[in-house]
Trainee: 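Dropping the structure in here first, questions after.
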There are 2 protein chains.
Amino acid sequence: MASSTTPTETKCDVLIVGAGPAGLMLATWMAHCGINARIVDKRSTKIFSGQADGLQMRSLEILDSFGIADRAMKEANHMMEMCMWNPGEDGKIRRSDRVPDMPVGISRFLQIVLHQGRIERFFLDNIKKYSKDTLHVERAVLPESLDIAEDLCEDHSADTYPLTVKLRYLTEEEATPAQSNGSTVQDGLFRSNMAEDDTDDLIRKSREKQGTTEIVKAKYMVGCDGAHSWTRRQLGFQLEGEPTDYIWGVLDIVPITDFPDIRMRCAVHSASSGSMMVIPRENKLVRLYIQLTEIKPDASGRADRSKITPSTIISAAQKIISPYNLTYEYCDWFTAYQIGQRVGTNFDYKNRVFLAGDAVHTHSPKAGQGMNVSMQDAYNLGWKLGLVVKGIAQPSILQTYQTERRKIAQDLIDFDHRFSRLFSGRPAKDVLDESGVSMKEFKEAFLKGNLFASGLSVDYGASQLVAKPTDNITNGNTDTEQVTTKEDLSTIKLGMRFPSHQVLNQSSALPVPFQSRLKSDGRFRIIVFAGNVVSSPQSAVLRSFTDKLAASSFLKKYLYSAIDILTCHSAPRRDVELLRDFPDVLHPFDPKLGWDYEGVYVDDESYHEGYGDAYKKYNVNREKGCVVVTRPDQYVGFVGPLDGNEAWDKVETYFKGILVGE
Amino acid sequence: MASSTTPTETKCDVLIVGAGPAGLMLATWMAHCGINARIVDKRSTKIFSGQADGLQMRSLEILDSFGIADRAMKEANHMMEMCMWNPGEDGKIRRSDRVPDMPVGISRFLQIVLHQGRIERFFLDNIKKYSKDTLHVERAVLPESLDIAEDLCEDHSADTYPLTVKLRYLTEEEATPAQSNGSTVQDGLFRSNMAEDDTDDLIRKSREKQGTTEIVKAKYMVGCDGAHSWTRRQLGFQLEGEPTDYIWGVLDIVPITDFPDIRMRCAVHSASSGSMMVIPRENKLVRLYIQLTEIKPDASGRADRSKITPSTIISAAQKIISPYNLTYEYCDWFTAYQIGQRVGTNFDYKNRVFLAGDAVHTHSPKAGQGMNVSMQDAYNLGWKLGLVVKGIAQPSILQTYQTERRKIAQDLIDFDHRFSRLFSGRPAKDVLDESGVSMKEFKEAFLKGNLFASGLSVDYGASQLVAKPTDNITNGNTDTEQVTTKEDLSTIKLGMRFPSHQVLNQSSALPVPFQSRLKSDGRFRIIVFAGNVVSSPQSAVLRSFTDKLAASSFLKKYLYSAIDILTCHSAPRRDVELLRDFPDVLHPFDPKLGWDYEGVYVDDESYHEGYGDAYKKYNVNREKGCVVVTRPDQYVGFVGPLDGNEAWDKVETYFKGILVGE
């Protein structure tokens with residue numbers, strides 16, 4: 001920190017603005033890749049309650065790859081069933097359906113609920129551990145100017161810093177948001193989309209007091225600074241879309257009620273008092289999303305925030321849930337929002353400044369997507385930045401951030417639009433009631449939407465990172481194939497995340513979910529499905545492939561450091577010996593640590609956990625196997641045969657398109 | 001801490017001597033029960049490597065009841081398979097058998113391996129959390145005198161402190177054990193049974209320097225101070241048994257080897273170079289137990305410690321494992337021990353001073369039993385002390401510590417004797433080789449011994465705590481029934497631990513292992529297997545029972561505080577509503593927190609985890625159910641019918657025999 005008159009000048013490779021879920025996910029990648037990064041946030045405190053609360057299956061897979069899913073799983077509430085409540089013929093609500101909260105068998109994780117503050121804590125602990133305490137969130141710090149040296153943007157060499165950012169240090173008082181009312185209940189209105197942004201105000205006040213500043217020269221910058229993104233405004237980019245008239249309140253309470261399904265996720269449509277979503281949480285808490293039909297936006301399209309209090313929200317809930325009783329003694333948090341679906345026009349500026357999370361997409365929180373998609377934006381971007389900064393990957397891979405993620409944001413907005421309309425609308429009285437929402441249609445939309453909401457159906461288009469042969473390389477948006485079935489999520493598909501099925505470690509017989517071996521450590525992985533290695537011809541095929549792999553001069557400098565190798569064979573475990581049947585490159589020898597025992601797996605029966613049947617579920621030929629390459633984010637970049645003269649060449653070609661050569 | 005001339009006098013309810021696994025388990029109970037306890041240890045540092053490393057299934061169930069099994073599971077190595085290597089006809093070793101490391105399906109946990117230092121760390125963290133930082137290990141402190149006011153021992157009222165203990169505070173230097181050689185490898189010889197005890201020496205030296213002392217008046221004291229127990233010597237009690245001639249070395253190394261099963265548990269019998277046990281561990285470590293056939297005890301029965309170094313031990317291992325190669329660059333720890341099986345004559349003195357762990361039983365470490373049985377001694381004793389100190393339970397329950405645990409110690413010694421002889425002996429060349437050990441016999445003994453080694457087959461005899469109707473009440477040793485089958489471990493049996501099968505929470509449909517609801521919080525549990533509650537007659541049976549339960553004046557002051565209630569019914573989950581179908585006493589109402597949703601469970605199919613089939617596996621009648629009472633340590637104390645006029649009376653009678661009345 002420098003004096004106000006002569007700001008010091010410092011350098012960093014990646015500057016992250018905003019320490020919400022997207023910013024923290026990015027910082028986690030930086031820690032795991034060993035990048036010289038900084039992360040600043042204008043608020044002086046982290047979140048202790050409320051905010052987003054749902055973690056998708058895919059988000060848990062990602063958290064697990066960094067080593068923090070277990071903490072989330074332990075503390076969270078695990079949701080099992082979704083109950084739908086609708087008006088009967090007498091106009092009173094009754095349970096019309098029970099369905100599983102998430103489809104069965106598509107991930108080794110389930111959807112869970114835990115407040116954002118805890119998830120941020122897990123990130124902070126993980127960043128501290130992996131950065132060896134060198135990277136931590138600098139709070140009460142915000143950027144006040146951004147200068148881009150346009151002529152340097154194309155030059156990604158190690159000494160070039162095209163970005164100049166002036167950071168301003170706030171006092172504790174300046175950085176603490178004022179609560180909107182005098183209650184002792186924590187209030188999220190200041191972060192709600194119904195509140196005005198205070199960034200410019202904070203900068204102006206601090207300037208008047210001649211606060212401290214610092215000049216940072218950065219190679220890359222990522223704006224994870226929310227719906228009002230200061231970074232986005234500097235770039236002149238817009239969010240496109242419109243707000244709607246639907247206003248919703250959110251309450252986190254310990255409910256006192258005779259409503260029977262209060263510990264289930266529920267969608268409650270009342271006949272004429274609006275709708276409510278029930279989300280049971282940890283520590284006896286329940287989150288209620290409640291439609292506030294009596295609060296309307298004014299002519300400017302904005303509603304009066306002062307009318308929204310816990311007591312107005314619970315009153316609305318009581319009308320919806322009648323004839324059941326609902327009250328509370330303890331309220332943990334509340335907020336309100338006005339539904340609006342908007343997507344950013346641009347996700348990056350010249351591959352130097354990137355936007356992630358709410359800075360490029362906003363929508364309603366009910367579907368539990370916001371935090372998840374934001375984290376996944378950053379999960380997509382982080383390793384790319386890491387590998388480019390380290391000089392391992394070609395800078396052109398940075399282009400894939402926008403092509404891959406903007407499509408997802410658009411899909412999300414479409415999903416949210418459909419779902420919000422069905423959820424906010426009045427239930428139809430009968431099939432002739434055309435202005436009402438059919439409850440049959442709602443149920444079908446919910447079940448179909450669940451695959452999307454799992455986060456697992458993401459399917460990145462062709463690019464240098466995804467070797468889809470027939471796609472248009474420059475645009476991720478041209479896939480014709482739609483991912484809509486459970487089977488799609490359990491087989492290996494180009495552009496989709498590598499699914500998880502149980503395999504056994506060849507050396508210890510330990511059953512593991514295969515995906516758990518794909519740690520987020522910045523490495524690509526060559527996954528050799530070696531097939532039936534006790535057959536001599538197949539053994540020869542394997543040796544031919546691995547001989548070429550071991551002899552590749554292009555790969556030599558990346559093997560094990562930037563490219564890991566995993567093997568899974570299909571022969572009976574007991575008929576196979578690691579040292580006898582597998583070439584050394586698949587289980588390398590270290591003079592101090594001996595042979596590696598963590599690289600070779602088998603699709604065979606376990607003693608205590610049944611049979612994973614991985615080859616069948618992955619849809620890989622049991623005899624002949626195949627070769628898969630996963631990107632550092634677990635997405636499948638390449639699939640090819642193990643056999644044939646060109647088998648290895650194709651793998652090498654894939655990597656030559658991505659990694660920096662001699 | 002007081003000056004050396006006038007020691008201060010303090011009071012505590014329970015004084016624990018020794019902070020190994022037994023002492024820490026006891027302190028954990030004290031923290032969870034909220035008891036005014038202290039724990040002292042003569043060593044100035046905790047253990048960082050080596051020592052005992054196996055955690056049985058039952059130990060993990062216990063750790064889970066305190067909330068720390070997940071940490072152990074995450075860090076530990078999970079063993080899957082046991083491989084047996086024996087000489088072939090050519091005299092060279094070859095793999096003769098592979099069997100599961102533990103029988104399938106007898107616990108929700110598996111046997112794992114993790115070094116004692118980490119397990120002690122989990123205990124320390126847990127004690128800190130639950131005692132709210134009031135209870136911590138006082139290191140470099142040891143008792144130097146114990147006076148017992150004999151006439152006060154019978155009086156267990158709150159103001160009576162029959163024990164006077166003088167504690168001596170050592171300097172850091174005095175309390176740090178000298179390593180026996182100059183190597184940088186951590187060396188466990190100072191704690192091995194081949195080392196002399198240094199307690200008297202420590203006291204003498206400190207006295208000469210006029211170190212600091214303190215007088216503690218205590219109600220109860222527990223000596224968890226190891227095989228040389230100072231506490232045991234004060235009481236004049238003995239360990240009975242003899243050392244043998246077998247001497248074993250122990251090495252924790254990262255092995256460099258072409259032995260194919262180095263990541264499996266292995267029993268290796270060489271033709272004439274002795275035997276070795278291989279135990280794969282966490283972080284690439286492997287523990288080797290190696291018979292040192294070339295080191296013999298002298299005339300006094302003791303072997304020369306100075307001859308035992310990592311290099312003598314690895315040399316012995318190399319001969320056993322030949323023709324495979326075995327070496328290492330990194331050795332984490334080593335020790336040696338002389339097998340000797342001994343049991344204490346007495347486990348307590350007048351229910352005031354108790355002995356636990358190595359203070360009352362010693363044996364070979366190879367079977368991985370020592371730490372486990374020691375912890376389980378303390379697990380048996382802790383809640384009894386807690387409830388007596390709090391005035392909840394009658395002091396007579398303290399007698400059951402000796403009757404219950406001395407039998408286990410004897411069983412352990414018998415097991416170890418059989419197993420050690422088979423393991424240390426030379427393998428028989430053929431069926432006519434009578435002085436050799438038959439490898440067929442070894443395998444059978446191993447498989448049979450596995451049920452015992454799981455720790456699950458413990459079966460406490462009849463007492464006021466275990467309502468076995470036909471046993472001799474005063475002696476736990478009279479059971480005629482032997483527990484030897486897997487089925488015995490999954491059904492509900494008096495005197496045995498309550499097994500775990502999956503049930504669903506009625507209100508959230510969350511699948512849980514039922515045993516996980518039996519937390520170690522010092523409470524008994526009435527487990528109401530409510531049967532088919534949608535049948536009207538059974539519903540009436542349930543109401544009749546619970547009406548009496550709710551009206552019991554004896555139980556009133558203990559309900560929920562000292563006695564928890566759990567319910568599991570067998571009707572379809574979707575046909576049942578918590579508030580409509582279950583009496584309030586099974587899901588009590590709290591004016592601030594609403595209804596309780598954590599008490600009622602159902603034996604029904606889950607969405608993602610299959611069907612637990614709990615009634616069948618527990619062997620409970622699906623229509624009529626039954627009533628089970630578990631002790632605070634999860635052992636079954638009472639089983640009776642739910643139906644009939646006397647159903648409730650029998651439960652009340654059980655509690656009247658244990659708890660303090662008006």
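Numbered from 1 within each chain, the chains take letters A, B, ... in sequence-line order.
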Trainee: Report which part of B/Pro255 has an atom under 4.5 Å of a heavy atom belonging to chain A: side chain, backbone, both, or neither.
Mentor: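 Backbone of B/Pro255 only, per the 4.5 Å heavy-atom cut-off to chain A.
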Trainee: Identify which part of A/Val99 has an atom lying under 4.5 Å from any heavy atom of chain B, answering side chain, backbone, both or neither.
Mentor: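 Answer is backbone: N, CA, C or O of A/Val99 sit under 4.5 Å from chain B.
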Trainee: Give the minimum heavy-atom separation between B/His608 and A/Met102, together with the two atoms involved.
Mentor: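 That would be CE1-O, 3.4 Å.
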Trainee: Looking at side-chain heavy atoms only, is the closest gap between A/Pro260 and B/Arg580 below 4.5 Å?
Mentor: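 Not touching, per the 4.5 Å side-chain cut-off.
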Trainee: So how far is it from A/Asn77 CG to B/Ser508 OG, rounded to the nearest 0.5 Å?
Mentor: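 Output value for this atom pair is 7.0 Å.
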Trainee: Can you find a heavy atom in the side chain of A/Tyr597 that is under 4.5 Å from one in the side chain of B/Ile262?
Mentor: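 Yes, at least one pair of side-chain atoms sits under 4.5 Å.
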Trainee: Would you name the heavy atoms of A/Tyr607 and B/Glu81 that are closest together and state the gap between them?
Mentor: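 Taking A/Tyr607 first and B/Glu81 second, the nearest heavy atoms are OH-OE2, 2.5 Å.
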Trainee: Can you tell me which portion of B/Asn283 sits under 4.5 Å from chain A's heavy atoms? Options are side chain, backbone, both or neither.
Mentor: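 Neither part.
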Trainee: Pick one of side chain, backbone, both or neither for B/Lys284, based on which atoms fall under 4.5 Å of a heavy atom in chain A.
Mentor: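 Contact with chain A: side chain only.
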Trainee: Using non-hydrogen atoms only, which part of B/Ile253 is less than 4.5 Å away from chain A: side chain, backbone, both, or neither?
Mentor: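 Nothing of B/Ile253, per the 4.5 Å heavy-atom cut-off to chain A.
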Trainee: Side chain, backbone, both or neither: which part of B/Val286 has an atom under 4.5 Å from a heavy atom of chain A?
Mentor: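 Contact with chain A is absent: no heavy atom of B/Val286 under 4.5 Å.
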Trainee: Rounded to the nearest 0.5 Å, how far apart are NZ of A/Lys74 and NZ of B/Lys74?
Mentor: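 With rounding to 0.5 Å, NZ (A/Lys74) is 10.0 Å from NZ (B/Lys74).
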Trainee: Nearest 0.5 angstrom please: A/Phe259 CZ to B/Leu579 CG, how far?
Mentor: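 One finds 11.5 Å between CZ of A/Phe259 and CG of B/Leu579.
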Trainee: Got a second to check how far B/Leu510's CG is from A/Met79's CE, nearest 0.5 Å?
Mentor: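 B/Leu510 atom CG to A/Met79 atom CE measures 11.5 Å (nearest 0.5 Å).
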Trainee: When only pairs under 4.5 Å are counted, which of B/Asn505, B/Val254, B/Leu504, B/Asp590 shares the most heavy-atom pairs with chain A?
Mentor: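 Result: the option with the highest number of such pairs is B/Val254.
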Trainee: Please determine whether the number of non-hydrogen atoms from other residues, nucleotides or ligands lying under 6.0 Å from atom NZ of B/Lys443 exceeds 12.
Mentor: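 Result for NZ/B/Lys443: open.
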Trainee: Based on non-hydrogen pairs under 4.5 Å, which of A/Lys592, A/Met264, A/Arg574 is most in contact with chain B?
Mentor: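 Most heavy-atom pairs within the cutoff with chain B belong to A/Arg574.
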Trainee: Is it the backbone or the side chain of B/Asp70 that comes under 4.5 Å from a heavy atom of chain A, or both, or neither?
Mentor: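 Looking at B/Asp70, just its side chain touches chain A.
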Trainee: Suppose we screen for side-chain contact (heavy atoms from CB on, under 4.5 Å). Which residues come up paired with A/Ile256, at least two apart in sequence or across chains?
Mentor: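 Testing A/Ile256 for side-chain contact (heavy atoms from CB on, under 4.5 Å), a comparison that skips the adjacent residues, returns A/Thr327, A/Glu329, B/Phe589.
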Trainee: What part of A/Asp596 gets within 4.5 angstrom of chain B, counting heavy atoms only: side chain, backbone, both, or neither?
Mentor: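 For A/Asp596, the side chain is the part near chain B, not the backbone.
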Trainee: Below 4.5 Å from any heavy atom of chain A, which atoms of B/Leu578 appear? Answer side chain, backbone, both or neither.
Mentor: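 For B/Leu578, neither part sits under 4.5 Å from chain A.
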Trainee: Using a cut-off of under 4.5 Å on heavy-atom pairs, state which of A/Glu598, A/Arg98, A/His78 scores highest against chain B.
Mentor: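 The candidate making the most pairs under 4.5 Å is A/Arg98.
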Trainee: For B/Leu110, is it the side chain, the backbone, both, or neither that has a heavy atom closer than 4.5 Å to a heavy atom of chain A?
Mentor: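 B/Leu110 touches chain A through side-chain heavy atoms alone.
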Trainee: Of all heavy-atom pairs between B/Met80 and A/Pro511, which one has the smallest distance, and what is that distance?
Mentor: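 Looking at all heavy atoms of both residues, the shortest contact is SD-CD, 3.6 Å.
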